[in-house]
Participant: 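Submitted below is the structure of interest, expressed as structure tokens.
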There are 2 protein chains.
Amino acid sequence: MPDIKHFDPDEALERAERLFWRHGAATTSIQAVAAETGLNRSSLYATFGGKRQLHLAALRRYVRLRSVPACAALADDTRGLPAVRDFFAGLIEARCEGEYARWGCMLVNAYAGEEGADPEVRAVLDEHHRRLRDAFRTALETARDRGRLAAGVTPADGAEVLVLLAYGVNVRSRAGAGAGELHRTVAAALAGLAPEAPAD
Amino acid sequence: MPDIKHFDPDEALERAERLFWRHGAATTSIQAVAAETGLNRSSLYATFGGKRQLHLAALRRYVRLRSVPACAALADDTRGLPAVRDFFAGLIEARCEGEYARWGCMLVNAYAGEEGADPEVRAVLDEHHRRLRDAFRTALETARDRGRLAAGVTPADGAEVLVLLAYGVNVRSRAGAGAGELHRTVAAALAGLAPEAPAD
DNA sequence: CGTATCTTGGAACGGCCGTTTCAGGATGAG
DNA sequence: CTCATCCTGAAACGGCCGTTCCAAGATACG
């Protein structure tokens with residue numbers, strides 16, 4: 001039997017993910033990934049195939065471990081608007097404090113970069129957009145069914161608005177917007193979704 | 001007397017602006033700008049000083065000729081919410097149709113790229129953010145003074161929400177979102193700003 | 001026309017890019 | 001232990017990067 005890998009591919013991928021997330025695909029070199037992981041370039045090429053595939057794998061890891069769980073938590077939260085409120089609270093926290101502060105969202109960053117032209121990247125971005133929108137819609141449908149959604153708002157349209165709002169939060173947080181400012185802004189936006197006289 | 005420039009610097013800057021806008025700073029080379037303008041690299045360096053300064057100059061040109069006029073039109077429009085509605089209509093049109101379709105906003109693109117780490121770039125972005133927010137606030141104050149703003153909304157908070165919404169539109173349009181979808185979403189968001197029973 | 005001054009074209013710089021190649025070392029089945 | 005198999009490290013590839021340098025050309029004053 002052959003030799004076996006001397007490192008954990010997923011741990012290396014996580015390091016690559018962070019570099020791509022923080023600095024973007026264009027300005028992250030294979031050299032930099034090799035330095036960060038402690039691996040030789042040959043091992044990276046043997047494992048992932050090249051920069052394009054490595055970036056895609058990192059993007060998909062980000063979706064799998066960060067975007068999907070957050071959307072699932074939102075979709076599974078049966079409280080209606082409070083679920084939306086907590087989703088944004090967690091988003092702002094993650095974007096403004098801790099290890100990933102001011103990194104923005106890796107997917108939104110990719111939207112704005114040249115890498116968005118790649119069809120496979122675009123597919124990942126579109127899939128994420130749908131997932132987040134559907135999670136918002138589920139939460140808004142719950143709110144509506146309980147009479148806790150403002151009269152003029154449909155869950156479908158409201159969900160699209162909330163996705164754009166989330167994109168805006170991701171953009172602004174990368175430029176250093178404070179958590180307090182973002183919390184306040186999101187609260188104002190969500191206030192428009194609740195009925196004038198909240199039932200609780 | 002010396003020789004005189006054999007080209008129009010602002011025309012060259014506009015070509016550079018378009019390249020940076022569409023492809024981003026990291027993936028636009030001086031070579032590419034030279035090819036696009038028909039100029040030699042020496043002329044570019046003699047006129048603009050280097051890639052960093054060229055990119056900054058292009059960014060500032062974008063602000064001066066595109067962002068500032070749009071914000072001024074919004075701030076000078078005394079109709080209140082209809083001014084906001086028309087601002088978004090023009091934005092979506094520019095982002096989805098015509099020459100610059102699917103280029104997004106050069107400033108929002110810069111937010112997401114590595115170039116956002118540059119303090120001078122950040123200053124341009126912050127200035128633009130304030131300008132757009134203040135224009136929105138002016139429009140919302142007008143609406144409020146005429147009783148055409150929903151009860152729970154303050155102009156200051158509403159303006160911040162609208163800026164995030166605009167950022168979201170810019171992000172999504174770059175990924176190919178349709179004008180119809182964006183118009184619909186923006187309309188839903190703006191509906192939340194108007195009083196339940198519109199006065200007109 | 002001569003000349004001082006600036007622009008221009010083109011070559012050249014070192015350096016990093018993504019990628020490939022290959023010898024040598026590690027592995028585990030037989 | 002043998003050996004086929006795969007992995008690793010290091011060197012090398014051509015190519016493009018941003019930038020600098022310099023000779024040749026264009027210009028407008030005297």
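Just so you know, these numbers come straight off a predicted model, no measurement behind them. Computation of the quantities below employed the complete heavy-atom set of this structure, encompassing side-chain atoms and omitting hydrogens, waters and symmetry-equivalent molecules. Numbered from 1 within each chain, the chains take letters A, B, ... in sequence-line order.
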Participant: CG of A:Leu54 versus P of C:dT19: gap in Å, rounded?
Facilitator: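 So the CG-P distance, A:Leu54 to C:dT19, works out to 10 Å.
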Participant: What is the distance from CG of B:Asn40 to P of D:dC22, rounded to the nearest Å?
Facilitator: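 Rounded to the whole Å, the gap is 16 Å.
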Participant: Is there any salt bridge (charged side-chain N to carboxylate O under 4.0 Å, His left out) pair reaching into residues 105-119 of chain A, and which pairs are they, with sequence neighbours excluded?
Facilitator: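 Checked against salt bridge (charged side-chain N to carboxylate O under 4.0 Å, His left out) - neighbours excluded - the pairs reaching residues 105-119 of chain A are A:Arg52-A:Asp118.
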Participant: Within the distance-only criterion (no hydrogens, no angle test), does the side chain of A:Arg174 pair as donor or acceptor with the backbone N or O of A:Arg22 below 3.5 angstrom?
Facilitator: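 Checked: pair present.
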Participant: Mind checking salt bridge (charged side-chain N to carboxylate O under 4.0 Å, His left out) for A:Arg60 and listing every partner two or more places apart, or none if nothing turns up?
Facilitator: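 If we apply the salt bridge (charged side-chain N to carboxylate O under 4.0 Å, His left out) test to A:Arg60, skipping adjacent residues, the hits are A:Glu120.
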Participant: Applying ring-ring contact (aromatic ring centres under 6.0 Å, His included), which residue pairs with at least one partner in residues 131-180 of chain B are found, sequence neighbours left out?
Facilitator: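 Matches after skipping sequence neighbours: B:Phe87-B:Phe136, B:Phe88-B:Phe136, B:Tyr111-B:Tyr167, B:His129-B:Tyr167.
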Participant: Determine, step by step, whether B:Thr47 and B:Leu39 satisfy the side-chain contact (heavy atoms from CB on, under 4.5 Å) criterion, reporting the C-alpha distance in whole Å, the side-chain angles of both residues, the deciding distance to 0.1 Å, and the verdict.
Facilitator: CA-CA 11 Å; B:Thr47 306; B:Leu39 301 176; over 6 Å; no
Participant: Of the residues in residues 109-121 of chain B, which ones touch DNA chain D at a heavy-atom distance under 4.0 Å?
Facilitator: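 Contacting residues: none.
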Participant: Report the distance from atom CD1 of B:Ile30 to atom P of C:dG15, rounded to the nearest whole Å.
Facilitator: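 In whole Å, C:dG15 P lies 20 Å from B:Ile30 CD1.
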Participant: Is a side-chain donor or acceptor of B:Lys51 paired with a backbone partner of B:Ala25 at a separation under 3.5 angstrom?
Facilitator: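 Yes, B:Lys51 side chain to B:Ala25 backbone: donor-acceptor pair under 3.5 Å.
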Participant: Nearest nucleotide by nearest heavy atom, which residue falls closer to the 5' end of DNA chain C, B:Lys5 or B:Arg41?
Facilitator: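 Going by which nucleotide is closer to the 5' end, it is B:Lys5.
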Participant: Measure the distance from CD on A:Gln31 to P on D:dC17 and round it to the nearest whole Å.
Facilitator: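 Result: 18 Å.
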Participant: Please list, chain by chain and in numerical order, all residues satisfying side chain to side chain contact (heavy atoms under 4.5 Å, CB included) with B:Ala34, sequence neighbours excluded.
Facilitator: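 Per chain and number, B:Ala34 pairs via side chain to side chain contact (heavy atoms under 4.5 Å, CB included) with B:Arg41, B:Leu44.
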Participant: Heavy-atom contacts under 4.0 Å between residues 15-29 of chain B and DNA chain C, which residues?
Facilitator: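 Heavy-atom cutoff 4.0 Å gives no residues at all.
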Participant: I would like to know whether A:Val171 and B:Asn170 meet side-chain contact (heavy atoms from CB on, under 4.5 Å); could you show each step before the answer?
Facilitator: CA-CA 10 Å; A:Val171 166; B:Asn170 286 321; over 6 Å; no
Participant: Sequence neighbours left out, what passes side chain to side chain donor-acceptor pair (under 3.5 Å) with A:Arg184? Give chain and number order.
Facilitator: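 With sequence neighbours excluded, A:Arg184 shows a side chain to side chain donor-acceptor pair (under 3.5 Å) to B:Asp157, given in chain and number order.
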Participant: What residues, two or more places apart in sequence or in another chain, satisfy ring pair (Phe, Tyr, Trp, His ring centres under 6.0 Å) together with B:His55?
Facilitator: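 If we apply the ring pair (Phe, Tyr, Trp, His ring centres under 6.0 Å) test to B:His55, skipping adjacent residues, the hits are B:Phe20.
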Participant: For B:Ala156, what residues pass the side chain to side chain contact (heavy atoms under 4.5 Å, CB included) criterion, not counting sequence neighbours?
Facilitator: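 Checked B:Ala156 against side chain to side chain contact (heavy atoms under 4.5 Å, CB included); matches are B:Arg137, B:Thr154.
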Participant: Tell me the ring-ring contact (aromatic ring centres under 6.0 Å, His included) pairs involving residues 21-52 of chain A, sequence neighbours left out?
Facilitator: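 Residue pairs with at least one partner in residues 21-52 of chain A: A:Trp21-A:Tyr62, A:Trp21-A:Tyr100, A:Trp21-A:Trp103.
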Participant: Given B:Arg146 and B:Thr78, is the side-chain contact (heavy atoms from CB on, under 4.5 Å) satisfied, shown in steps?
Facilitator: CA-CA 11 Å; B:Arg146 299 199 190 148; B:Thr78 58; 4.2 Å; yes
Participant: Polar pairs (N or O, both sides) under 3.5 Å between protein and nucleotides 26-30 of chain C?
Facilitator:
residue: C:dT27; atom: O4'; partner: A:Asp3; partner atom: OD1; Å: 3.2
residue: C:dT27; atom: O2; partner: A:Met1; partner atom: O; Å: 3.3
residue: C:dA29; atom: O4'; partner: A:Met1; partner atom: N; Å: 3.3

Participant: Listed in order of residue number, which residues of residues 42-53 of chain A have a non-hydrogen atom at under 4.0 Å from DNA chain C?
Facilitator: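 Hits under 4.0 Å, by residue number: A:Ser42, A:Tyr45, A:Gly50, A:Lys51.
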